[in-house]
Amino acid sequence: MLVTFWGTRGSISTPGPQTEKYGGNTACVSVRQGSTIIIFDAGTGIRELGLRLMREYERTGAPLEVHLLLSHTHWDHIQGLPFFSPAYLPDTKLNIYGSPKKGRFLASILEGQMDTEYFPISMREWGSRVAIREIRNHCIDINGIEVVSEEQHYHPGGSIRFRLSSGAAKIVYASDVELDAFITGRPADKNKKVKAQAAAYKAFIQDADLLIGDGQYSTEEYKRCVGWGHTSMPVLAEVASECGVKRLAVFHHDPQHSDHYLDRAAHRLSPEYAEGEDPMSLFWAREGMTLSVS
Ligand SMILES: [Zn+2]
Ligand SMILES: [Zn+2]
């Protein structure tokens, strides 16, 4: 499976000279295996991915089939969707999976974003064949890749994490979750429900070849952002290492974090996990970066 980061930023896009290296586009990651195209989230990064797919379509003439997995419908995870060019091609089959929220259908939330008050083109004008499927705790098969989804509660409104398995290779995408709120602390301080949530998260990421995880804050910043639904970098790294994750991509960078800041964070934290019996490669996800997972 080839994994490419198209948007690594959380909350809001942050273009500019301070974010050139890690990128300013919001959440979007593609996973490709043969002709299968799976995408995590449709933040502003999906626009550039769409243009790449259009060039491939123009070159080969092969119709595109895309599987888009939405962790949730906060803006930074859906705002690029109206600019996803393949959605306007009659040849394209666009499968969207995500969770309904607060009693509203997923389709109506996505349509709302393209209401005439917000965007000049309505979703009905997409030429592609669109199928929207609501999932929460499901296991589905996409061309031989097993996709498991599980609800995450520690984020305002909730979110979903996903695990892709192909052969022995495992990729987990678990963004927008506040691990500090339910994983850290003494076990005696936690009630049964919280302990069960922590155990479920750990089981989900256990032995992943690649974990793409929410690491928005430093420890100091987190103290000012309790309850906002995001994790501190050291806690993410600690839990991932404990669960035998082989590569950890810190993701959903804070809009205030410059390239310089993220470089310093990487410099401080990565060496801690590079050695020992069970080393973990810890890095900060960068727009345009591609990794092979097998
Ligand atoms: Zn987000
Ligand atoms: Zn969110």
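Note that ligands are numbered from 1 as they come in the structure, with each ligand's atoms numbered from 1 the same way. When a residue number appears, it is its place in the shown sequence, counting from 1. Note that this is a predicted model, so its numbers are computed, not measured.
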For [X] and [Y], which I'm curious about, is there any donor-acceptor pair between the side chains at under 3.5 Å?
X      : Y      : result
Glu221 : His257 : yes
Thr219 : Ser232 : no
Glu238 : Tyr273 : yes

Inset, instruction - Angle at the Zn ion (ligand 1): provide the value between NE2 of His77 and OD2 of Asp176, rounding to 10 degrees. - result: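 Output for this angle: 90°, rounded to tens.
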Legend entry - Three-point angle His252:NE2, the Zn ion (ligand 1), Asp76:OD2, rounded to the nearest 10°: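 Answer comes to 90°, rounded to 10°.
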Inset, instruction - Would you confirm whether the ring centroid of His252 sits within less than 6.0 angstrom of the ring centroid of His77? - result: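 Ring-ring flag for His77/His252: true, centres closer than 6.0 Å.
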Inset, instruction - For the Zn ion (ligand 2), find the closest N/O/S atom belonging to His74 and write down its atom name. - result: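 In His74, the N, O or S atom with the shortest distance to the Zn ion (ligand 2) is ND1.
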